Amino acid sequence: DSGVTQTPKHLITATGQRVTLRCSPRSGDLSVYWYQQSLDQGLQFLIQYYNGEERAKGNILERFSAQQFPDLHSELNLSSLELGDSALYFCASSEGTGPSGANVLTFGAGSRLTVL
Amino acid sequence: AQSVTQPDIHITVSEGASLELRCNYSYGATPYLFWYVQSPGQGLQLLLKYFSGDTLVQGIKGFEAEFKRSQSSFNLRKPSVHWSDAAEYFCAVVFGSGGYNKLIFGAGTRLAVHP
């Protein structure tokens, strides 16, 4: 158990729908990161939050949004879902403001989204 | 452009054989380098990291990696592979961009182990 908790583990939905993925970081970690893992794109960085504020942005689609709440848990919202959004979505957390040699990311087990 | 390349998509080795997984990066500054492992149905687990000091770093599960600045490489090695090492291995590099750091992953190398 890495200490990073993601729910749900599996989710099946239809095109055009909206889903919310939830992440609780490790105790003491202030940063939360979201990654998407798909067969064709590999592991893609989506977005990072630090202590409630957006810190860095990657290849996140406009249909996707995220936020980090005062208790530091984070949610990734995916809307107008398409078949190509089917993927494994990872959350990671770290103590500091961004990844570095000393500030290592710890990953959760992921949420597998299937869009039919 | 900043990039991480893992040239081998699939590698198959026999149990007990040695292993080397290749990783190259493109970055102007000295990078922070990592290897993660993903077992089937699992999340990503950190094997080892390099950010300064000795260029040969030891990790968990008997893995080691060597940073070679001249070759922009950070290859992962294990002297004797066990069947339980079958997994996907990702090299990752921290790149700085616009005042922020981002951890970027290579495409991964899937390792199969024959008995």
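Owing to the predicted nature of the structure, the values given are computational and were not obtained by experimental measurement. A, B, ... follow the sequence lines: proteins, then strands. Residue 1 opens every chain.
Of the listed residues (B/Ile104, B/Asn101, B/Val93), just one forms a side chain to side chain contact (heavy atoms under 4.5 Å, CB included) with A/Pro99, and that residue is B/Asn101.
Neither the backbone nor the side chain of B/Gln45 comes within less than 4.5 Å of any heavy atom of chain A. Heavy atoms closer than 4.5 Å to chain B are found in the side chain of A/Tyr35, but not in its backbone. Contacts between B/Tyr50 and chain A at a heavy-atom distance below 4.5 Å are absent for every atom of the residue. For A/Ser100, the parts sitting under 4.5 Å from any heavy atom of chain B are the backbone and the side chain alike. When heavy atoms are compared at a cutoff of 4.5 Å, A/Gln37 approaches chain B solely by way of its side chain, counted from C-beta outward. If you measure heavy-atom distances from B/Leu44 to chain A, the contacts under 4.5 Å come from both the backbone and the side chain. With a threshold of 4.5 angstrom between heavy atoms, B/Lys102 approaches chain A through its backbone and through its side chain.
Cluster membership for A/Trp34 and A/Leu61, using ILVMFWY side-chain heavy atoms within less than 4.5 angstrom, is shared. Linking Ile, Leu, Val, Met, Phe, Trp and Tyr whenever their side-chain heavy atoms come within less than 4.5 Å leaves A/Val4 and B/Leu47 in two separate clusters. Under the 4.5 Å side-chain heavy-atom criterion for ILVMFWY residues, no single connected hydrophobic cluster contains both A/Val32 and B/Tyr100. Under the 4.5 Å side-chain heavy-atom criterion for grouping Ile, Leu, Val, Met, Phe, Trp and Tyr, A/Leu116 is not connected to A/Tyr89 through any hydrophobic cluster. Hydrophobic cluster membership differs between A/Leu88 and A/Leu78, with clusters built from Ile, Leu, Val, Met, Phe, Trp and Tyr side chains linked at under 4.5 angstrom.
For the atom pair CD (B/Gln38) and CG (A/Leu43), the distance works out to 6.5 Å, reported to the nearest 0.5 Å. With rounding to the nearest 0.5 angstrom, the CZ atom of B/Phe105 is 9.0 Å from the CZ atom of A/Phe90. The distance from atom CZ of B/Phe90 to atom CZ of A/Phe107, rounded to the nearest 0.5 Å, is 10.0 Å.
Side-chain contact between B/Tyr36 and A/Leu105 is present, with at least one heavy-atom pair separated by less than 4.5 Å. Side chains of A/Tyr33 and B/Leu103 form no contact here, defined as non-hydrogen atoms less than 4.5 Å apart.
Counted within 6.0 Å of CD on A/Glu95, heavy atoms from surrounding residues, nucleotides or ligands total 12 or fewer; the atom is thus considered open. Counting heavy atoms of neighbouring residues, nucleotides and ligands inside a 6.0 Å radius, atom CD1 of B/Ile9 does not exceed 12 of them. Within 6.0 Å of CG in A/Leu83 there are more than 12 heavy atoms belonging to other residues, nucleotides or ligands. Annotation: B/His114, atom NE2; neighbour count of heavy atoms from other residues, nucleotides and ligands within 6.0 Å does not exceed 12.
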